[in-house]
> 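Shown below is the structure under consideration.
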Amino acid sequence: MTNPTLRWCVAAGAALTMGALAACSGGTPEPGEDGNASEGSTTAEIVFWDPYPQHAEGSAWDEHVKSCAPEGSTIVRTSAPQTDLFNQLTTAVKEGGAPDVVLLDNPMMPEAVGAGMLATAEQAGIDTSGVDENLMGPGVVDGAAYGVPFGSNALGLYYNADLLSEAGIDPASITDWDSLNAALTKAVANGGKGITFSGVTGEEGVFQFLPWFWGAGADLSDISSDEAVAAGQLLSGWIGEGLAPKSAATDNQSAAWDLFLTGEYAFAENGSWFASAAAEANFEVGVIPIPSKDGGVAPVPTGGEFAVAPIQSENASDHYANASSVIACLTEGEAGFQTNETLGYLSAKPEVRAEQATQSPLWEPWVGAVEGAQGRTTDLGSEYVDASASLSGAIQAALNAAGDQAAVEAAFQDAGGF
Amino acid sequence: MTTLTTRTEAPTSPERGTAKPKRRAAHWAAIAFVIPLVIYLLLFYAYPLVQNLTMSLHRFDRGTFINGGAPFVGLEIYRDVFAHPKFWAIVWQTTVFTAVSLAFQYLIGLTIAVFFHRGGFRLAAPLRGMFLVPWLLPIIVSGTTWQWMMNPDDGILNTFLSLFGADPVWWLSTDNALMSVAIANIWLGIPFNLVILYSGLQGIPKELYEAASMDGATPWQQFRRITLPMLRPVTLITLLLGLVYTLKVVDIIWIMSMGTGTSQTLATWAYGMSVGKGASGVIRYSEASAVGTVLLLAALAFGLIYIAAQRKQEH
């Protein structure tokens, strides 16, 4: 570039482009506190995001959602996995083009609220009455409700009834960790395999670990406690003694479920969303609650999504009116019942849940688990994500220790950082 | 092109008066040709780079990312990242992953290339095609397949090892993960090395070998004294491209182990933090940008070394 005109022009071009870019990025819209569903009216197109890419277009869920469009509107539905959905929502809110309704995984709620991404339930005209307090927990920040959980799933211990009767194990006898360990040992001694669970790195593995963690009496505010180590030791010991597959350290919940479906494993820790799949397995499947260390039912973490209305900077009232209408449809009356049945969830409202249980015996063992479930973020709020990250590191290290007590202890004591 | 023709024409033109506006018009034409490229470079190269750097100098979280107002913290993020208890371990793992991958990809690729180049093998063409398969498969497929083969409980690799009485290996455990993802990555990189080195071999004049064998050089001497020196430029570019690819590998590692244990590299670390995946669901825009800058500088350093090496060769 020896030519002066050329050089000048390049510089000018650069300045112009930079200026244009600055103009684009400089004017980030400040999400407004204004707007109210009662002041708006529904629009022709309603944008709906959910984390269920497995329910493709034309599936029962897809049609159920679209049938909730108010008169004169159509719902445009998009799906992405949990984390991707959350990140896409972050960008969408930043750009001022958020969807009308999002179904957001419940442990993400405090962070979403903290980042100023969600409208309050009041603002968006979302009715939260009649919802169980433990399920509502993650969506309440500083006394204000954001969105509403429509249903919940829970974790339980599935068992292969055929394998257990062959080995002479009575599932009803499993009430604490000792009796569970005895049952696992017996199943393996009888030529079967023990238990499948998901210890995969990240929130999914933590979700599966929490029933043992809480069942040992540990608390999320101190993940290096003796109780926490005991829970880690339990799972680590299973791997060390060959009662659980080593792949548990990398299996997600679907992979762990597939292992159980081979019919070789006696037990599987997994979620209520597999209840209908369990009924169709080619062996008889039963469910018991996850036992706590010294007896009794361990609290499981609440699973499931919140229906929320993201903050809008333009025509907020209309967007909130859309959210109000669609969320009301999905959570109330006959359609609210269908929402849960379609997803394999139990309703967040006790009377709807009772109706689900009477209509299908499949649900009966899960009602107790959902009602005793604990919100992951209820105690720590937005700090939960950090605790979860540390816990995830500890779980990985503990599973890799394969029963080595000193290593498991170190795993929980060293946990932390990013 | 226009500049070139006018420049050669201008001095020969007898009428100076008309030459000047013509020349000016040519300048504008040249500028018009360059502008789209400049805008493209600025939009898609300079802007993201500047943005990345800015991000690493401000402390961003989800809230400030959306609403603005991330505080400027200077080099604090870099200090945090360098002081992270795992930082140097991750740097070491990245180095091992890259060095081991490059060395084996190159050696195996070269061996196979020489084998095919010697010719006289009827199945050569279809076989060479088969060696390209790892390149053509989507990484999600090959990654999942490797993970499945490396299953610690009843994977096919352990079954194979047990035939020789070896103990089963927990391939993707915290300690072994680096080795396992490196094995998969070597397998992925062989076709690339094979193709480039093979075409490099074809560029070596046959006469050299003929002359050498007349002089009584053994095949090994021919390889050392002719093939290797003649392949030097191709080797350099293969290694450089391989290095840049390997430094930023995320997909194969992520699919197999999600960057757990020793398989965490700077690239997977940055990726996990930038999207809130992996062990931590916390999104760390700033830390991810800082690690990204480190990676960029590393790649740049090797790029400069390459240019220096090339210069030396030309002189």
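Computed from heavy atoms alone, side chains included, the values below leave out hydrogens, waters and symmetry copies. Lettering of chains follows the sequences in order, A, B, ..., and the numbering in each one begins at 1.
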> Can you name the closest pair of heavy atoms from B:Trp170 and A:Asn400 and give their distance?
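Scanning both residues completely, I find the closest heavy atoms to be CH2-CA, 3.8 Å.
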
> Would you mind reporting whether B:Arg62 and A:Asn87 have side-chain heavy atoms less than 4.5 Å apart?
yes

> Non-hydrogen atoms of chain B under 4.5 Å away: do they reach the side chain of A:Leu399, the backbone, both or neither?
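Contact with chain B involves the backbone of A:Leu399 alone.
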
> Is it true that, when you exclude A:Gln413 itself, more than 12 heavy atoms of the residues, nucleotides or ligands shown sit nearer than 6.0 Å to its CD?
yes

> Counting only heavy atoms from other residues, nucleotides and ligands, does the tally under 6.0 Å from OH of B:Tyr45 exceed 12?
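Incorrect, the count does not exceed 12.
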
> With heavy-atom distances below 4.5 Å as the criterion, would you say the side chains of A:Lys246 and B:Leu172 are in contact?
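Of all side-chain heavy-atom pairs linking B:Leu172 with A:Lys246, none is under 4.5 Å.
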
> Under 4.5 Å heavy-atom distance to chain A, tell me which part of B:Thr260 shows up: side chain, backbone, both or neither.
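The answer is the side chain of B:Thr260.
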
> Flag yes if more than 12 heavy atoms outside B:Ile156 fall under 6.0 Å of its CD1 atom; otherwise flag no.
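Check fails, neighbour count at 12 or below.
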
> Count the heavy atoms belonging to other residues, nucleotides or ligands that lie under 6.0 Å from CD of A:Glu409, then report whether that count exceeds 12.
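Check passes, neighbour count above 12.
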
> Would you say B:Asn151's side chain and A:Ser247's backbone share a donor-acceptor pair under 3.5 angstrom?
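Between the backbone of A:Ser247 and the side chain of B:Asn151 there is no qualifying donor-acceptor contact (under 3.5 Å).
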
> How long is the gap from CE on B:Met150 to OG1 on A:Thr250, to the nearest 0.5 Å?
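Spacing of CE (B:Met150) from OG1 (A:Thr250) equals 12.0 Å.
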
> Using a 4.5 angstrom heavy-atom cutoff, name the option from A:Val385, A:Thr90, A:Val200, A:Ile395 with the most pairs to chain B.
A:Thr90

> With a 4.5 angstrom heavy-atom cut-off, which part of B:Asp154 approaches chain A: side chain, backbone, both or neither?
side chain

> Quick check against the 3.5 Å criterion: does B:Asp153 have a side-chain atom that pairs as donor or acceptor with the backbone of A:Pro245?
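Side chain of B:Asp153 to backbone of A:Pro245: no pair is present.
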
> Measuring from atom CG of A:Leu89 to atom CD1 of B:Ile66, what distance do you get when rounded to the nearest 0.5 angstrom?
7.5 Å

> Using heavy-atom distances under 4.5 Å, tell me whether A:Leu259 contacts chain B through its side chain, its backbone, both, or neither.
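Interface part for A:Leu259: neither.
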
> Name the member of B:Pro152, B:Ala279, B:Gly272, B:Gly278 that forms the most heavy-atom pairs with chain A at distances under 4.5 Å.
B:Ala279

